[in-house]
Trainee: 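The structure under discussion is supplied below as structure tokens; questions concerning it will follow.
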Amino acid sequence: MPFQTKSLDVKAGKFSDYVQKHRLHWEKRQEAPKEMFKRAADVGLLGLETETVFGGLGASFSDKVELGRVISHQSMAAVFALINSQNVASRLRLSPHPKHHQMADELLNADRIGCTALTEPHAGSDFAAIKTSAVKTENGWVLNGSKAWITNAAYADTIMLYAQTNPEKGWRGIASFVIDARRTGFRRGEIYKLIGGHAIGAGEFHLEDYLAPEEDLLSPPGEAFKFAMNSINGARTYVAAMCVGMMENALELATSYAKQRQTFGTELLSHQGYRWSLSDVATQIAALSALTDKAAHLIDGGEDAVLAAAMAKKMAGEITIPAITACMQAMGAHGLREEHFLGQHLAAAKIAAFTDGSTEMMKERIGAYL
Amino acid sequence: MPFQTKSLDVKAGKFSDYVQKHRLHWEKRQEAPKEMFKRAADVGLLGLETETVFGGLGASFSDKVELGRVISHQSMAAVFALINSQNVASRLRLSPHPKHHQMADELLNADRIGCTALTEPHAGSDFAAIKTSAVKTENGWVLNGSKAWITNAAYADTIMLYAQTNPEKGWRGIASFVIDARRTGFRRGEIYKLIGGHAIGAGEFHLEDYLAPEEDLLSPPGEAFKFAMNSINGARTYVAAMCVGMMENALELATSYAKQRQTFGTELLSHQGYRWSLSDVATQIAALSALTDKAAHLIDGGEDAVLAAAMAKKMAGEITIPAITACMQAMGAHGLREEHFLGQHLAAAKIAAFTDGSTEMMKERIGAYL
Amino acid sequence: MELALKPEDEAFRQEVRDFIAEHLTEDLRTNAAIQASVRTDPETAGTWARRLGEKGWLAYNWPKEMGGPGWNVLQRYIFESECAAVGAPLINSMGYRMIGPLIAKFGTEEQKNFYLPRITRHDDSWCQGYSEPGAGSDLASLQTRAVSDGDDYIINGTKIWTTGAHYANRCFCLVRTSTEGKKQEGITFVLIDMDTPGIEVQPILMLSGDHELNQVFFDNVRIPKSNRIGEENQGWTVAKYLLEFERGGVSYTPGLKASLSSIREIANIERSDTGERLIDEADFKQALAKLEVEVMAAEFTEKKQMTDLARGKNPGAKSSITKLLGSEVGQRVAELKMKAVAHYALPFMPESRVPGNNVEFPGPQYALTTTAAYLNGRASTIYAGSSEVQRTILAKQVLEL
Amino acid sequence: MELALKPEDEAFRQEVRDFIAEHLTEDLRTNAAIQASVRTDPETAGTWARRLGEKGWLAYNWPKEMGGPGWNVLQRYIFESECAAVGAPLINSMGYRMIGPLIAKFGTEEQKNFYLPRITRHDDSWCQGYSEPGAGSDLASLQTRAVSDGDDYIINGTKIWTTGAHYANRCFCLVRTSTEGKKQEGITFVLIDMDTPGIEVQPILMLSGDHELNQVFFDNVRIPKSNRIGEENQGWTVAKYLLEFERGGVSYTPGLKASLSSIREIANIERSDTGERLIDEADFKQALAKLEVEVMAAEFTEKKQMTDLARGKNPGAKSSITKLLGSEVGQRVAELKMKAVAHYALPFMPESRVPGNNVEFPGPQYALTTTAAYLNGRASTIYAGSSEVQRTILAKQVLEL
């Protein structure tokens with residue numbers, strides 16, 4: 001679907017060019033690229049879903065999905081990190097407290113970097129089992145615990161964090177807080193080196209008697225969980241769209257390689273076998289695109305997108321790696337060259353298959369509808 | 001593997017030609033072809049595994065597998081029926097009673113037709129649950145019960161039948177008997193019309209106070225079950241080889257069709273896409289052949305073939321239908337024409353996937369080794 | 001697995017349901033249920049077609065100016081879905097889907113006035129004379145000759161794989177009027193009445209034993225030139241428009257969704273080898289879920305394309321994607337249904353699928369047509385441009401390889 | 001999943017095991033275990049190769065008259081299986097598997113006497129100069145020129161995808177000595193010492209970040225004509241023999257079986273998303289069983305072909321089947337292993353796979369090389385004749401299409 005937001009295509013193009021130029025370097029230095037956020041701010045992408053009255057673009061969810069797809073041509077990890085930060089910026093605008101709006105302003109400028117903190121070292125897929133505790137005192141909430149596999153953990157300082165206020169209540173006890181990493185009680189932990197995913201800046205951090213003032217309670221117990229569950233349909237949808245983007249890129253590389261080879265007079269890649277194999281990839285891309293578009297459309301309309309998002313995520317988890325390897329195979333040994341970034345796409349597809357509910361979890365979710 | 005038994009290739013060729021000439025007619029009249037056994041007797045195939053001293057060919061198990069493969073080019077159902085009868089002929093030679101040898105002689109001449117009777121209307125895969133009862137009296141054994149899905153049920157009159165002598169003992173109570181359908185107490189039941197499988201003559205029969213003299217007890221309780229379990233590895237192996245035969249036939253049809261089309265000057269089937277698709281079929285045939293050869297070799301050597309046979313059967317159950325449809329697809333609309341018998345091959349492949357333990361059961365069996 | 005509809009669409013769906021409930025009588029439904037072909041028998045299908053025709057819903061894909069109901073894309077899809085869900089007879093759509101839109105585009109006023117109303121009422125049964133023994137996927141090689149003789153053409157040659165030629169009364173045909181220039185340039189599009197002297201129809205039996213296909217022979221068949229659609233030697237252009245229409249205009253997914261729902265019902269009843277309900281068996285459930293996703297993806301792809309069509313855009317080469325998805329997913333659905341009915345897939349009793357028969361099928365009703373439908377479905381990746389042709393089109397026109 | 005061996009074979013296996021237990025020291029084993037390439041680092045592999053060479057087991061596929069142990073097919077297979085099972089270093093086999101048999105067949109007595117003993121002792125490390133930027137799967141298009149100059153050739157051009165060129169001291173090479181006639185007819189087979197002036201080696205990094213491949217540039221490189229194998233312009237015949245030997249001579253399945261057994265171990269430890277052991281999860285178990293069957297089928301196919309080879313039969317085009325099966329099943333096995341280690345597939349720490357490093361990998365040891373091995377394994381369907389080339393050979397020479 002074309003972008004609905006005015007000039008978002010131009011912004012996306014500019015940022016894509018920047019990512020393409022730097023992505024190999026980011027992988028090689030094996031560090032999350034903080035400067036990438038600065039560039040995203042210059043282009044104006046960190047306020048993607050922030051309302052225009054607050055200086056953002058006020059983009060629809062469909063546009064967010066489209067942005068994920070387009071920039072994933074260059075690097076899924078980069079746009080995944082970017083969207084993670086902008087999610088916090090737009091969420092903070094719903095807060096009645098001026099300090100949160102101040103933080104959101106800084107997120108737009110990349111003076112702050114945002115992230116959502118949900119998973120923990122020993123609670124991967126079972127969200128309700130998180131152990132990070134929030135205890136209410138007269139000075140505010142005291143938080144303790146560790147978070148793991150957190151996107152942007154390398155630099156994020158404005159964190160939408162989920163914690164348990166009452167373990168006996170299960171998911172009803174979970175609340176969300178704004179955590180300011182510049183305050184005492186926050187300690188950054190290990191930052192993972194992920195193949196094809198250094199730009200994600202994934203890693204861990206710890207809260208040690210971190211004191212959150214009362215107004216930093218973002219969603220009270222009960223509501224936080226529902227908010228997270230709603231937003232996960234969105235995440236599944238844009239992750240699937242990112243897979244579309246990577247497959248499109250692989251297909252473009254393979255087809256342009258084929259044409260180039262033809263130009264040099266060798267007929268190697270004019271063979272029908274390659275053409276058919278790539279046609280199948282094109283067909284799968286079309287089918288997955290249709291699913292992600294549909295899910296995005298439902299979410300934009302405020303309709304139930306649980307099934308459509310789960311289906312898109314499952315299909316993405318199953319077809320992306322075979323589709324990319326088919327394109328690599330069509331390029332022969334050239335497909336193995338580092339500069340094409342196809343190895344990183346493969347690795348990112350693997351990350352996509354795990355994040356926001358694994359392919360196996362999607363099967364369970366869809367199975368429940370059978 | 002080439003035939004080891006002298007001139008068996010010639011016999012197999014003669015019978016194949018005969019089957020090819022009549023198979024469509026047999027399907028059209030929707031009846032099991034009794035005359036087929038007469039022809040098999042003339043050629044000398046009904047004594048395949050019968051020792052040469054008894055007038056048989058004394059062929060190895062590997063040769064039986066090879067015969068299954070070769071004749072399945074024309075009709076899996078026909079050779080399946082034939083092998084079923086010869087199994088009884090060779091088994092009866094182990095009996096010390098002259099009357100059984102007399103019956104075996106008649107089986108060699110197709111004056112009798114043999115079959116094995118195991119499954120029952122309500123005991124499909126669970127052999128130990130059979131209900132047909134055998135009660136010992138002073139005049140011999142009195143048998144009562146019904147058998148279903150029995151190969152050659154249309155005409156068989158010499159039946160190796162499994163019955164329960166003591167339900168409390170489970171599989172240890174099961175014995176096998178020679179049943180002579182010409183005696184009172186035997187009643188033939190419904191004969192199934194099976195797509196692609198009329199030559200199998202599958203159907204039902206009933207025993208109503210059938211009196212079997214003591215000497216017609218073939219394997220006593222306990223031993224019968226072990227004999228059946230051993231022979232099932234053989235059955236799984238030759239059924240897999242029959243699938244190889246059908247795939248080979250489909251591949252031959254598709255390749256010769258392709259060549260013929262080239263001769264007429266159209267380039268339709270010289271396309272690489274078809275060639276690659278058919279090459280994949282050739283590769284799968286080679287792999288399954290290797291498995292069936294190995295299992296046959298183990299059985300010939302008296303070694304444990306449970307796993308190898310189960311693997312061959314499972315692979316056959318999974319690849320045969322897609323391989324045949326790939327060949328059909330390569331032939332375009334011509335592949336759909338009745339005379340090529342490809343629809344019957346497809347149906348027979350479906351029968352193969354069920355008989356002697358379904359593909360799902362094979363998964364369980366292999367899973368136990370994991 | 002349905003997504004929400006707006007109130008006005010709900011109302012429309014109810015209207016369709018009411019009509020079907022009243023006019024799709026029990027006998028029609030039963031006759032349709034026991035058949036496995038891409039069409040129901042002509043009598044059953046014809047009756048249903050004429051009932052729809054009276055209501056003005058037969059040519060449901062036509063705009064008002066052509067004499068159709070002028071439905072939008074969603075309404076058409078609802079109509080198709082409702083028909084598929086209750087198992088309405090599969091009508092010979094050669095008239096309203098194929099030749100109708102083409103006459104409307106290329107026909108003379110006289111041709112339009114004569115044929116279009118007849119099509120909306122199902123007065124005729126049409127067949128398509130395209131493929132020949134030496135010209136299947138490579139259609140332009142066709143050799144059936146039409147020689148000019150005053151105001152007539154004299155036709156000689158043969159057409160093959162002609163669905164329904166044994167009961168059709170009219171045929172639209174591609175014939176060669178010139179052997180000069182490129183082979184595409186000497187082709188002309190004509191309409192032939194099937195009772196014209198010199199036509200012989202020979203049956204070709206399908207894998208399932210059903211009779212649906214034919215070979216048609218033309219021996220000095222004389223037709224008036226007024227039966228020509230478009231100019232002489234312009235038949236390829238006419239036909240190409242139709243081929244894209246055929247690829248793009250057919251919705252596969254309403255039928256696929258109905259099949260999946262039937263598989264779910266079966267899997268709730270049948271048991272696996274290990275005794276558990278099939279729907280609870282891990283392998284089966286996994287295969288079913290995979291197909292649910294594939295069908296949903298195909299559905300949204302189809303809907304996207306229908307939206308384009310509704311906006312008057314020619315889907316072009318992209319219609320190859322819907323054809324590939326619809327037909328190949330369809331074959332996988334048919335295969336899973338074979339798996340679901342297990343042993344019941346084996347009985348071969350084609351008579352039990354003939355309306356009015358008294359042959360009892362030895363298994364549940366839902367297994368009656370499963371195998372035959374599977375076998376007949378093999379043709380879906382071959383007709384209307386084989387999968388291989390679709391891939392070649394995609395590679396050439398979309399990937400520009 | 002092992003089948004029974006005869007007593008004499010059992011004894012042989014024990015002999016191999018004893019040798020490995022004594023000579024495959026802990027440091028060699030550790031260094032091999034942390035590497036994911038088609039070869040181990042030259043130092044580790046070289047040490048192991050020389051130990052085997054001393055025993056007379058390095059050129060284990062050679063007959064006695066060539067200086068090998070003269071093992072039969074089963075003994076070779078046992079040796080390979082035992083090495084694979086304990087994870088012995090993967091030796092650069094270009095010498096004993098590729099150039100050795102070829103020198104034995106086409107070389108002069110002088111060449112045989114010089115090179116063959118050196119190969120059995122691993123005195124040299126060989127690389128193969130075949131592919132060029134414009135001549136990959138279509139090898140005969142190669143352009144690297146060798147111009148005659150008295151008793152020498154002067155070589156100019158470039159070779160690409162040259163495995164191990166950065167540490168090899170010798171290279172066997174196809175060069176063009178004539179541009180007349182068919183392109184296959186002007187090719188000559190030569191041996192080049194890598195320290196000859198004018199050779200430059202540039203690295204090509206793999207997907208995994210590993211360095212294994214190179215591009216080699218020849219700038220007026222002078223070699224004596226006595227380095228030629230076979231006659232001038234007969235290089236294609238020489239190379240073709242080698243290509244079939246390469247396709248037919250390599251056993252894929254001992255390594256695949258070792259991988260499967262490692263997957264089974266992992267699946268006994270790791271847990272699925274729903275908390276059960278991975279080995280008990282229906283989907284995973286199903287996928288594993290499928291691969292067990294495929295590997296077993298590939299194994300018996302390989303053994304059949306090895307029996308042919310042992311009988312002196314050239315496997316010819318059928319070796320394409322073993323190559324296709326081995327390499328494609330191998331990629332599926334690597335993919336399943338990725339699935340088994342789940343999140344541990346993601347960490348990227350190539351330093352942790354360098355012998356003697358002190359970088360700790362944040363996961364179990366069995367996950368250390370999984371992803372890199374998967375990525376490097378993408379090459380297996382491309383080198384030694386890509387899958388597409390194999391399919392084309394099969395279609396042409398076996399199916400005669």
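Predicted model, so just to flag it, every value in this text is computed and none were measured. Chain identifiers are assigned alphabetically (A, B, ...) following the order of the sequence lines, protein sequences preceding nucleic acid strands; residue numbering begins at 1 within each chain.
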Trainee: What heavy-atom pair brings A:A287 and C:A297 nearest, and what distance separates the two atoms?
Mentor: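 What the structure gives for the nearest pair is O-CB, 3.5 Å.
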
Trainee: Can you tell me if C:Q365 has over 12 outside heavy atoms packed within less than 6.0 Å of its CD?
Mentor: no

Trainee: State whether the number of non-hydrogen atoms from other residues, nucleotides or ligands found under 6.0 Å of A:H297 atom NE2 is greater than 12.
Mentor: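 Atom NE2 in A:H297 is not packed in, count stays at 12 or less.
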
Trainee: Could you tell me if the side chain of A:L278 sits less than 4.5 Å from the side chain of C:L394, heavy atoms only?
Mentor: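 Side chain of C:L394 against side chain of A:L278, heavy atoms only: no contact under 4.5 Å found.
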
Trainee: As an exercise, state the distance from CG of A:L288 to CZ of C:F300, rounded to the nearest 0.5 Å.
Mentor: 12.5 Å

Trainee: Which residue, C:T301, C:T322, C:I321, forms the side-chain contact (heavy atoms from CB on, under 4.5 Å) with A:T283?
Mentor: C:I321

Trainee: Quick one: what part of A:S289 sits under 4.5 Å from any heavy atom of chain C, side chain, backbone, both or neither?
Mentor: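 Both backbone and side chain of A:S289 come within 4.5 Å of chain C.
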
Trainee: So do the side chains of A:E318 and C:K290 get within less than 4.5 Å of each other, counting heavy atoms only?
Mentor: yes

Trainee: So how far is it from C:E292 CD to A:K314 NZ, rounded to the nearest 0.5 Å?
Mentor: 10.0 Å

Trainee: Closest heavy-atom contact between A:D293 and C:K304?
Mentor: OD2-NZ, 2.9 Å

Trainee: Which distance, rounded to the nearest 0.5 Å, do you find between the CZ of C:R391 and the CG of A:D280?
Mentor: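 Reported to 0.5 Å precision, the distance equals 4.0 Å.
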
